[in-house]
Novice: 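My questions all concern the structure below.
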Amino acid sequence: MIQIKTPEEIAAMRPCGRLSARVLRKVGELVRPGVSTYELDRFAYDLINLEGGTPAFLGYNGYPASICTSINDQIVHGIPSPDVVLYEGDIVSIDVGAVVDGWVGDNAATFAVGEVSAELRQLIEVTEASMWEGIGQAMANAHVGDISFAVQSYAESYGYGVVYEYTGHGIGRKMHEEPNIPNFGRRGEGPLLREGMVIAIEPMINLGTADTRGPYADKWTVFTADRKPSAHFEKTVAITAEGPVVITEE
């Protein structure tokens, strides 16, 4: 069942959105060659708690960390570890969620580690732009398919693969609510978007094919099938009478 939030409830979600955005930004500032993903995770954990929140991911369906750190050909759900160190030329997708007063904020971004190739820089830029294309369609009386089509058509115009198996989602008191927000689809199809819906729009775009593999031993990390890099961006967005409003903004 799709949850419709009142304007007061959307306002109540702003603290979790601001905290999630702040933590993502500050963790991103720490990304550099030689840092371990565990260090990034511990920083996020400490900051979320210092600011009065709770890490949304820690313990969620057994997930063992506070953030997700997915490097190069890892699409989503990479688990931070002291043994995983970032190297010059890598890209790392960082997903951060925070709970404040029972509301969940969720956002993600992909960061360059030092200097990266022009090919990877473009992948990052196009993935972020495809997210904004989707956000621009998050209007009352449009359809989920309008968001999906906007993301897909933009990313595929660059020859990239759009991940099918993992999608955006509704969000509120729970991390994942209805409806799913695919990154592929047709205009005018899917659930009707209504004022008061809050959704997470999150393109996962591959440099190569759309195909995925995994998760394997750790039961979480998802990889590209062709081992080419992938990028991931996400914002939590409220659908209002004035248009889409990004909740995960500082």
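These figures come from a predicted structure and were not determined experimentally. Numbering of residues begins at 1 and proceeds along the displayed sequence.
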Novice: So, does E39 use its side chain to make a donor-acceptor pair with the main chain of S36 at under 3.5 Å?
Specialist: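 Answer holds: yes.
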Novice: Can E250 and R22 be counted as an ion pair, charged N to O under 4.0 angstrom?
Specialist: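 Salt bridge flag = yes for R22 with E250.
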Novice: What heavy-atom pair brings P55 and N49 nearest, and what distance separates the two atoms?
Specialist: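 Answer, listing the atom of P55 first, then N49: CD-ND2, 3.9 Å.
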Novice: Salt bridge or not between E202 and K235? Use side-chain N to carboxylate O under 4.0 Å.
Specialist: no
Novice: Other than M1, what residues sit in its cluster of Ile, Leu, Val, Met, Phe, Trp and Tyr side chains whose heavy atoms are under 4.5 Å apart, directly or through others?
Specialist: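 So far as hydrophobic clustering goes, M1 is joined with none.
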Novice: To the closest 0.5 Å, what do you measure between OG1 (T236) and CD1 (I199)?
Specialist: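 The distance works out to 9.5 Å.
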Novice: When rounded to the nearest 0.5 angstrom, what distance separates CZ in R32 from CG in L86?
Specialist: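 Atom-to-atom, R32:CZ and L86:CG are 9.5 Å apart.
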Novice: Could you tell me whether a side-chain N or O of S230 sits under 3.5 Å from a main-chain N or O of I205, the two making a donor and an acceptor?
Specialist: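 Yes.
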Novice: Does anything in residues 204-225 form a salt bridge (Lys or Arg N to Asp or Glu O under 4.0 Å)? List the pairs, not counting sequence neighbours.
Specialist: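 Counting only pairs at least two positions apart or across chains, the salt bridge (Lys or Arg N to Asp or Glu O under 4.0 Å) contacts touching residues 204-225 are D73-R213.
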Novice: Which heavy atom in T127 sits nearest to a heavy atom in P203, and how many Å separate them?
Specialist: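 For T127 and P203, the tightest heavy-atom pair comes out as CG2-O, 3.9 Å.
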Novice: Mind checking ring pair (Phe, Tyr, Trp, His ring centres under 6.0 Å) for Y154 and listing every partner two or more places apart, or none if nothing turns up?
Specialist: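 Partners of Y154 by the ring pair (Phe, Tyr, Trp, His ring centres under 6.0 Å) criterion, ordered by chain and then number, come out as Y158.
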Novice: Not counting sequence neighbours, which residues clear ring pair (Phe, Tyr, Trp, His ring centres under 6.0 Å) with H169? List them please.
Specialist: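 Checked H169 against ring pair (Phe, Tyr, Trp, His ring centres under 6.0 Å); matches are H176.
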Novice: Rounded to the nearest 0.5 Å, what's the gap from CD on E242 to CD on E195? Could you check?
Specialist: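 Nearest 0.5 Å value for the CD-CD distance: 7.5 Å.
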Novice: Taking side-chain hydrogen bond (donor to acceptor under 3.5 Å, both in side chains) as the test, write out the residues that go with T54, two or more places apart.
Specialist: none
Novice: The criterion is ring pair (Phe, Tyr, Trp, His ring centres under 6.0 Å); which residues satisfy it with F184, sequence neighbours excluded?
Specialist: Y164
Novice: Out of curiosity, does V96 fall in the hydrophobic cluster containing L19 (side-chain heavy atoms, cut-off under 4.5 Å, transitive links)?
Specialist: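 Yes, L19 connects to V96 through the hydrophobic network.
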Novice: Let me confirm one number: the OG-CZ distance from S66 to R42, rounded to the nearest 0.5 Å.
Specialist: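 Taking OG in S66 and CZ in R42, the distance rounds to 6.5 Å.
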Novice: Would you say I79 and V84 make side-chain contact, with heavy atoms under 4.5 Å?
Specialist: no
Novice: Rounded to the nearest 0.5 Å, what's the gap from CD1 on I124 to CG on L207? Could you check?
Specialist: 11.0 Å
